[in-house]
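The structure under discussion appears below in the form of structure tokens.
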Amino acid sequence: MAQRVKKAVFPVGGLGTRFLPATKAMPKEMLPIIDKPLIQYAVEEAQAAGIEEFIFVTGRGKSAIEDHFDQANELEKFLAARGKTKELDAIRRWLPSAGKVAYVRQPAPLGLGHAVWCARTLVGDEPFAVLLADDLVQAEEPCLGQMMTAHASTGGNLVAVMDVPRSQVDRYGVLDVLRTQGRLIAARTVVEKPSPAEAPSTLSIIGRYILQPSVFSHLSRLKQGTGGEIQLTDALALTIGEEPFHGYRFEGRRFDCGDKVGFLEATMAFAMERADMGEAAREIARQHSMPKPLSNGDDAYRPRILNA
Ligand code: G1P
């Protein structure tokens with residue numbers, strides 16, 4: 001039985017240049033899908049999976065995230081005085097308890113591997129989860145929860161994976177598949193952002209990981225990889241053979257909210273699922289549906305909803 005995972009790391013140091021000007025003075029992780037910031041979806045997913053300690057790897061200009069996960073005393077008083085219990089609940093219910101949230105700065109944007117490495121002292125010598133808020137998963141059972149169940153028997157390092165079109169593998173860490181057993185995939189190695197021609201498969205990592213602390217010693221020794229950054233994928237490749245390593249083909253629909261089209265799709269999909277606006281969202285979709293397919297041959301217009 002694997003050791004229980006109690007801590008989660010949220011790398012939130014990225015600059016969000018793809019969403020400028022919206023992200024000029026606001027962290028990209030605070031962009032809302034309807035009325036909830038992306039980072040809150042990730043934190044709630046972690047809470048639902050039993051995570052008790054929340055470690056944010058932040059950077060300059062990210063203080064709105066700290067404020068969001070702190071009590072807002074003035075606002076609470078204001079809402080309480082007016083009897084706005086629903087609104088009060090909406091800002092309180094998901095708040096981690098005092099002392100269970102920690103922030104550490106990544107001094108320079110040196111990559112995802114470096115961001116995770118910056119959390120090493122706070123994580124200590126125990127397994128931990130990593131959640132990337134850009135990857136939003138709509139699922140009956142939240143993605144990390146599914147992974148926790150699988151991890152209880154696999155142990156080691158476990159990453160969420162899904163097939164993506166071959167033309168898009170150069171945006172992901174990709175598995176060199178050894179064998180598949182149900183939703184679990186054993187891999188020979190993993191490669192960061194391979195070219196479509198060279199990719200060993202189309203099975204790609206999306207932003208949910210359960211990792212062993214041994215990954216930190218590999219990260220410490222890593223040189224800059226793809227894109228001049230310290231890559232988490234490269235450190236994971238080095239653990240294969242030392243620790244069990246599996247991909248987990250999660251159940252659910254994933255949206256790339258780091259991309260404007262993906263963000264729009266997520267907004268529509270989440271709106272359609274909501275009791276308070278599902279009907280209205282479906283009506284909007286009907287009104288705007290076109291007689292011709294959206295794709296006019298230009299890849300940029302092709303819907304990028306990817307089902308796992
Ligand atoms: C990161 C990882 C990559 C992973 C992806 C998932 O890339 O480096 O291995 O597949 O997240 O979203 P990024 O999106 O930061 O370029």
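Indexing begins at 1, ligand by ligand and atom by atom, following the structure's order.
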Does [Y] offer a backbone N or O that forms a donor-acceptor pair with the side chain of [X] under 3.5 Å?
| X | Y | answer |
| --- | --- | --- |
| Thr233 | Gly173 | no |
| Gln212 | Asn157 | no |
| Arg208 | Leu132 | yes |
| Thr202 | Asp163 | no |
| Arg120 | Trp117 | yes |

So which heavy atom in the protein is nearest [atom], and how far is it from that ligand atom?
| atom | answer |
| --- | --- |
| atom 12 (O) of ligand 1 | Asp135 OD2, 2.7 Å |
| atom 4 (C) of ligand 1 | Ile205 O, 3.5 Å |
| atom 2 (C) of ligand 1 | Glu192 OE2, 3.6 Å |
| atom 1 (C) of ligand 1 | Leu112 CD2, 4.0 Å |

(message) For atom 16 (O) of ligand 1, tell me which residue out of Glu229, Arg171, Lys193 has the closest non-hydrogen atom.
(response)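 Among Glu229, Arg171, Lys193, the closest heavy atom to atom 16 (O) of ligand 1 comes from Lys193.
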(message) Give the atom numbers and elements of ligand 1 that come within less than 4.0 Å of a heavy atom of Gln231.
(response)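 So the atoms of ligand 1 that pass are 8 (O).
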(message) If the cut-off is 4.0 Å to any non-hydrogen atom of Thr233, which atoms of ligand 1 fall inside it?
(response)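 Result: 9 (O).
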(message) Under 6.0 Å between ring centres: does that hold for Phe216 and Phe128?
(response)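 Yes, the ring of Phe216 comes within the 6.0 Å limit of the ring of Phe128, centre to centre.
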(message) Check for me whether Leu232 has a heavy atom closer than 4.0 Å to any atom of ligand 1.
(response)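 No, that is not the case, since the closest heavy atom of the residue is not under 4.0 Å from the ligand.
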(request) Give a yes or no on whether a salt bridge exists between Lys77 and Glu74, defined as a side-chain N under 4.0 angstrom from a carboxylate O. (result)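 A salt bridge is absent here (no side-chain N lies under 4.0 Å from a carboxylate O).
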(message) Counting only nitrogen or oxygen atoms and a 3.5 angstrom limit, does Leu132 reach ligand 1?
(response)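 No - when backbone and side-chain N and O of Leu132 are compared with those of ligand 1, no distance drops under 3.5 Å.
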